[in-house]
Trainee: 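Questions regarding the structure given below will be posed in turn.
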Amino acid sequence: MEQYRLKQYMMQSPNEKLKDIVSRMLYDDIINLRIPPGTKLNINQIATELGISRTPVADAVAHLTDIGFVVSRENASGSFVLSLDIDDMIKLYQVRDAIESEAASLCAHNMDEQTIYRLNALAEAFRESVRKRDVHGMKDTDMPFHRLIIDSCGNPYISDSYEHLLPKLTMYQSSMLNFIGDENSEKNPWLSKVMYNHTSVVSAIRMRMPDLARRAMSEHIDSSLSFISLSGPDSKNPFES
């Protein structure tokens with residue numbers, strides 16, 4: 001299966017070096033939590049699964065270390081996937097709040113009706129996915145919703161800033177959606193807010209009310225943080241490694 005995936009990546013970028021392709025594969029798996037945070041990366045095992053020598057895998061892991069997604073640990077040998085940390089998430093979401101709330105406000109000025117229609121379709125699909133605890137459905141609609149707001153706000157500096165946040169943000173968003181998909185999420189009082197926040201943002205944008213759109217997005221990001229902070233000890237917590 002892993003060899004088949006590698007071939008797919010190679011077909012997409014036939015002129016790319018093998019070490020770069022392996023790096024991109026591992027990167028995609030890390031930010032989407034297919035390789036859980038805190039996992040020790042066994043270079044020999046990965047090379048065997050991919051059917052290649054260990055050199056391009058070692059080079060790929062070295063690159064991921066350079067950009068901060070793979071780390072070493074005190075008193076432990078080897079390389080480990082970056083662990084998620086609630087304090088780091090809070091700091092990231094503070095910046096996210098500033099960027100996305102302003103983007104939502106600008107969208108209330110700039111967004112055309114066709115884009116609002118697409119945004120509303122994503123919001124409705126996300127709400128239905130939350131209701132069904134469909135994690136795949138949530139992942140297919142959550143980040144595209146936020147990305148559409150960023151791409152439609154009309155400010156290229158906001159888009160550039162968001163690109164810098166996106167890899168880590170994808171990891172944290174994936175962890176939150178996994179929490180929502182857990183059966184224990186029903187006990188979390190913030191679940192209903194998370195479910196309807198997207199709809200509130202779309203309503204404010206559709207009504208052309210920039211201040212309301214800014215507040216709705218800010219409340220959404222705050223609800224996401226509150227949801228995670230109240231996730232019970234029985235949840236499958238990806239912050240723990």
Trainee: Could you tell me whether Glu113 and Arg208 make a salt bridge, using a distance below 4.0 angstrom between a side-chain N and a carboxylate O?
Mentor: yes
Trainee: Rounded to the nearest 0.5 Å, how far does CG of Leu106 lie from CZ of Arg214?
Mentor: 7.5 Å
Trainee: Show your reasoning for whether salt bridge (Lys or Arg N to Asp or Glu O under 4.0 Å) applies to Lys91 and Asp88.
Mentor: CA-CA 5 Å; Lys91 292 172 184 175; Asp88 183 61; over 6 Å; no
Trainee: If you measure from OH on Tyr27 to CD1 on Ile35, what distance do you get to the nearest 0.5 Å?
Mentor: 13.0 Å
Trainee: Would you compute the distance between atom CG of Asn120 and atom CZ of Phe145 and round it to the nearest 0.5 angstrom?
Mentor: 9.0 Å
Trainee: Side chains of Lys40 and Ser77: does their closest heavy-atom pair fall under 4.5 Å?
Mentor: yes
Trainee: Just grab all the salt bridge (charged side-chain N to carboxylate O under 4.0 Å, His left out) pairs involving residues 12-22, residues at least two apart or on different chains.
Mentor: Glu16-Arg24
Trainee: Measuring from Asp59:CG to His63:NE2, what's the distance to the nearest 0.5 Å?
Mentor: 11.0 Å
Trainee: Walk me through whether Asn32 and Ser174 qualify under side-chain hydrogen bond (donor to acceptor under 3.5 Å, both in side chains).
Mentor: CA-CA 6 Å; Asn32 289 291; Ser174 294; 4.5 Å; no
Trainee: For the pair Gln8 and Gln12, evaluate side-chain hydrogen bond (donor to acceptor under 3.5 Å, both in side chains) and give the outcome as yes or no after the intermediate values.
Mentor: CA-CA 6 Å; Gln8 287 185 311; Gln12 292 168 7; over 6 Å; no
Trainee: So His198 and His146, would you call those rings parallel, tilted or perpendicular, with 30° and 60° as cut-offs?
Mentor: perpendicular
Trainee: Does Leu84 reach the side chain of Met171, with side-chain heavy atoms less than 4.5 Å apart?
Mentor: yes
Trainee: Less than 4.5 Å apart, any side-chain heavy atom of Pro210 and any of His109?
Mentor: yes
Trainee: Salt-bridged, Asp29 to Arg5, with N to O below 4.0 Å?
Mentor: yes
Trainee: Scan Ile205, Leu148, Asp151, Asn110 and name whichever one has a side-chain contact (heavy atoms from CB on, under 4.5 Å) with Thr115.
Mentor: Leu148
Trainee: Would you call Leu26 and Val81 a side-chain contact if the rule is heavy atoms closer than 4.5 Å?
Mentor: no
